[in-house]
Structures are given as structure tokens and as C-alpha cells.
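Here is the naming used below: chain letters follow the sequence lines, and residue numbers restart at 1 for every chain. All of these numbers come straight from a predicted model, not from anything done at the bench.
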Number of protein chains: 2
Amino acid sequence: MSPTPPPSDLHDHLGYWLRMVSNAVSQDFAREIEGQGVTVAEWVFLRALHDADCLAPSLLAERMGMTKGAISKLADRLSEKKLVQRAPNPEDGRGQMLSLTPAGRALVPELARIADGNDAAFFDTLAPAERDHLGALLRKIARAHELTRAPVD
Amino acid sequence: MSPTPPPSDLHDHLGYWLRMVSNAVSQDFAREIEGQGVTVAEWVFLRALHDADCLAPSLLAERMGMTKGAISKLADRLSEKKLVQRAPNPEDGRGQMLSLTPAGRALVPELARIADGNDAAFFDTLAPAERDHLGALLRKIARAHELTRAPVD
DNA sequence: TATTGTTATACTCTATAACTATA
DNA sequence: TATAGTTATAGAGTATAACAATA
């Protein structure tokens, strides 16, 4: 009888390298914005609110690919930090409208600058054409699998 | 006075696309191996032991980029599942030697097959040359930043 | 009855540090 | 004392589901 073939090498998987690089980028970024008192999930939350002006928690949950329970907890934390405020929805007594406080609005460009710097520092080892190619490949995969959620972790 | 420029778009960051695709790959994989009763961290743990035959927890912690406390908890869970066994290190009364049980050894190729299938399903939207290029770009970044830890989350 | 948002519970991973036993 | 491993604690994320108020 033939012996069991050895399992494939971890390093053969594109998913392995993707995760290794992605985790390193995210962890570096998380460490940097920690100095601003926010987590990556909170940054995505603030960034989404910045674009939308005001947003119902349920819509935000959908955009961030999180449950409404998770959004509720995030909103609690960001309210305590005075970066986000809740207002009742005048058209629906059950609903809310989330928006940035002035402090929250002021913080977003600061965090965006950190994100820019982090991205540049990490990918400057690639030539511009290589960076473009990497982006195109990743977007092609995202499109093929209909990935739309803003990644949080 | 000039108005504050709008913060850069999230989608401009390579790190954003990297995280989106990487999270999707990992979450799909996590869901699949859940059926085998293990998490991604446990899979990496089992895979490392499979290569090494037997390994001290401290070495495993270093390879996986986890603390010894985290390794200890993982080893607890995998022992309960009868996939890993602890043995005293005869040369050092403080140390241990971790190894796979027969059940653990039998499970690794099964998980490796799932990993293969997951990787293939996710990246088959790319042409072979594109897959090679993506891998080369990711390894180039990993090399430049001296990333060596097997990513776990 | 269905929906919005809150809350409770539980599990995984992470980080720090106190602790035990051995070297 | 230093090191190997365990344990406790705490925080962040994820998921499910029970719950209150409103539609």
C-alpha cells in the first residue's frame, strides 16, 4: 500500500502570504492609531460616518459587516470618547441617527493621514507599477467574490 | 484661509483591499475547518507540530508569534480534543515536549486538503500568471519587512 | 407581528503579569 | 537569579439570542 502523501506546505498557499502581510499592515496601523485613542474598528466607524454625515446604526452595521449588537457597543465607546453622538430619528421613534461630534470630525483627517503614512511605509518596497498591479489583482478578487464589507479586524 | 482637504479615500489604500480579501479568505477557511472542530490558530499549531514531530511550547510560541500564555491555552484545548499530547522533557524538569496524537496526525492532511481547496476556490479567478505574480509581490513585501510569524487570526 | 436598538452570554485571540517549579 | 510553563485578568472582536419600545 502507498504511504499517505505529506500535507501541502503552508507556504504554498496564497492565503497564507496574504494573511501574513495583511496582519502586519493592520497591526502596525492599530499600534499607530492607538496613540489617538481609537481602534481599527472605531476608525472604520468614524470614517463611514464622516462620509455619510449621519447614519442609522442598522445601515452602519450593514456597511461594516457587523451585527447591530457590535455596532451598539462601538457607538457606546465612541460616545464616551465624545467622538460620536446619538440623536433620535424624528421620523421613526425606534430609530437613531449617528453623527460625528466636532471632535470626531476633526479626528478623521488626522487618522486618514496616519493611514496614508502607514500604507506608504509598508508598500514603498514595491515599485509604483507593482503597487498598481497588486491593487488591481486584489480588487479583481474582491469583485469576483462580491466582497463589499469594510474590513474591520 | 483654505478649507481642510477631505481625508483620503479608504479605497485608495492597498492595506484596505489586502485586509478585505485576506479577511474573506480566512473567514471562509475558518468556517470550513469549524466542521472538523478546530480553529485557524489550532490548525497552525497542529501544522507546526506535524513538521517538527515534537516541540517545546516556548519554541512554538516563537514560531507562531504568540505568547507562551496563549500557547498554553491552545495546548489545553487541543489536549482536551485528544489531538495533542504533552510529555515531560527528560533533559529539563521545567520543560515539555508537545506532539501530535495519532488522531492529530491523521487530521493534519485532512485540514491541508481543506486549505488547498479554499485557496484554489478563492484565487481561481486569477490566471496562473496572475497568481504567481500576486504571490511574488506578497513575498517581496514580507521579505522587506522581515515578516516571519505564521499568521494566526 | 415585524423592526430598531440594547443587553446578556459566550468564545477566540491578544497582552500583561503574577505565580510555581525547576535550573 | 533566571527560565519554562500555568494561571488570572482585561480588552477587543464575533455570534447568537432574549428583550423593550415602537411601527
Side-chain angles (χ1 to χ4, degrees), chain A residues 19-20 22-24 26-31 33-34 37-46 54-62 64-81 84-98 149-153, chain B residues 19 22-24 26-31 33-34 37-46 54-81 84-98 149-153:
Chain A
R19 208 158 67 239
M20 175 178 279
S22 170
N23 285 0
S26 293
Q27 281 166 20
D28 276 14
F29 180 58
R31 210 169 299 123
I33 63 174
E34 199 181 342
V38 295
T39 66
V40 176
E42 289 169 358
W43 150 243
V44 176
F45 189 115
L46 294 173
C54 83
L55 212 51
S58 52
L59 278 181
L60 195 53
E62 194 183 331
M64 292 180 64
M66 299 175 74
T67 62
K68 52 191 185 172
I71 291 293
S72 186
K73 280 199 300 183
L74 267 182
D76 282 349
R77 279 217 310 271
L78 289 168
S79 292
E80 280 167 24
K81 294 178 185 175
V84 162
Q85 55 202 357
R86 289 175 162 112
N89 182 341
E91 298 172 359
D92 186 335
R94 299 168 302 181
Q96 288 180 5
M97 285 163 33
L98 296 169
R149 307 288 177 245
V152 152
D153 60 345
Chain B
R19 208 159 68 238
S22 171
N23 285 1
S26 293
Q27 282 167 19
D28 276 15
F29 180 59
R31 210 168 299 124
I33 63 173
E34 198 183 341
V38 295
T39 67
V40 176
E42 290 169 357
W43 151 243
V44 176
F45 189 115
L46 294 173
C54 85
L55 211 51
S58 52
L59 278 181
L60 195 52
E62 193 182 332
R63 281 191 204 185
M64 293 180 64
M66 298 175 75
T67 62
K68 52 190 184 172
I71 291 292
S72 185
K73 282 198 299 182
L74 266 183
D76 282 349
R77 281 217 308 273
L78 289 168
S79 291
E80 281 168 23
K81 295 177 185 174
V84 162
Q85 55 202 356
R86 289 175 162 110
N89 181 342
E91 298 172 359
D92 187 334
R94 299 168 301 179
Q96 289 179 4
M97 285 163 32
L98 295 169
R149 306 287 177 248
V152 152
D153 60 346

Sugar-phosphate, base or nothing in reach of B:D92, heavy atoms under 4.0 Å = sugar-phosphate
message = Within the 4.0 Å heavy-atom criterion, would you say A:T39 contacts the bases, only the backbone, or no part of the nucleic acid?
response = sugar-phosphate
task = Measure the CD-CD distance between B:Q85 and B:Q96 for me, rounded to the nearest 0.5 Å.
result = 12.0 Å
query = OG/B:S79 to CG/B:L98 distance, rounded to the nearest 0.5 angstrom?
reply = 7.5 Å
Whole-Å distance between [N] [atom2] and [X] [atom1]?
X     : N      : atom1 : atom2 : result
B:Q85 : D:dG5  : CD    : P     : 16 Å
B:E62 : D:dG5  : CD    : C1'   : 16 Å
B:E42 : C:dC13 : CD    : C1'   : 11 Å
B:L74 : D:dG5  : CG    : P     : 14 Å
A:L78 : D:dG11 : CG    : C1'   : 15 Å
A:Q27 : C:dT14 : CD    : P     : 8 Å
A:R31 : D:dA12 : CZ    : P     : 16 Å
B:N23 : D:dA12 : CG    : P     : 19 Å

Residues in side chain to side chain contact (heavy atoms under 4.5 Å, CB included) contact with [X], at least two apart in sequence or another chain:
X     : answer
A:A70 : A:M66, A:T67
A:D92 : A:N89, A:R94
A:A56 : A:S58

Partner set under salt bridge (charged side-chain N to carboxylate O under 4.0 Å, His left out) for A:K68, not counting sequence neighbours = none
ask   = Could you go step by step and tell me if B:R31 and B:D28 meet the salt bridge (charged side-chain N to carboxylate O under 4.0 Å, His left out) rule?
value = CA-CA 5 Å; B:R31 210 168 299 124; B:D28 276 15; 3.3 Å; yes
Short side-chain N/O contact from A:R77 to OP1 or OP2 of D:dG13, under 4.0 Å = yes
ask   = Going through the checks in order, is the side-chain contact (heavy atoms from CB on, under 4.5 Å) test met by B:E62 and B:I71?
value = CA-CA 10 Å; B:E62 193 182 332; B:I71 291 292; over 6 Å; no
ask   = Heavy atoms, side chains only, cut-off 4.5 Å: are B:M97 and B:P90 in contact?
value = yes
task = Would you work out how much the helix from C:dT1-D:dA23 to C:dA23-D:dT1 bends between its ends, with each end axis defined by five base pairs, to 10 degrees?
result = 30°
Between N or O atoms, less than 3.5 Å apart, protein on one side and nucleotides 5-7 of chain C on the other: list the pairs.
unit_1 : atom_1 : unit_2 : atom_2 : d
C:dG5  : OP1    : A:Q96  : N      : 3.0
C:dG5  : OP2    : A:S58  : N      : 3.1
C:dG5  : OP2    : A:S58  : OG     : 3.1
C:dG5  : O3'    : A:Q96  : NE2    : 2.9
C:dG5  : N7     : A:K68  : NZ     : 3.0
C:dG5  : O6     : A:K68  : NZ     : 3.3
C:dT6  : OP1    : A:R86  : NE     : 3.1
C:dT6  : OP1    : A:R86  : NH2    : 3.2
C:dT6  : OP1    : A:Q96  : NE2    : 2.9
C:dT6  : OP2    : A:S72  : OG     : 2.7
C:dT6  : O5'    : A:S72  : OG     : 3.4

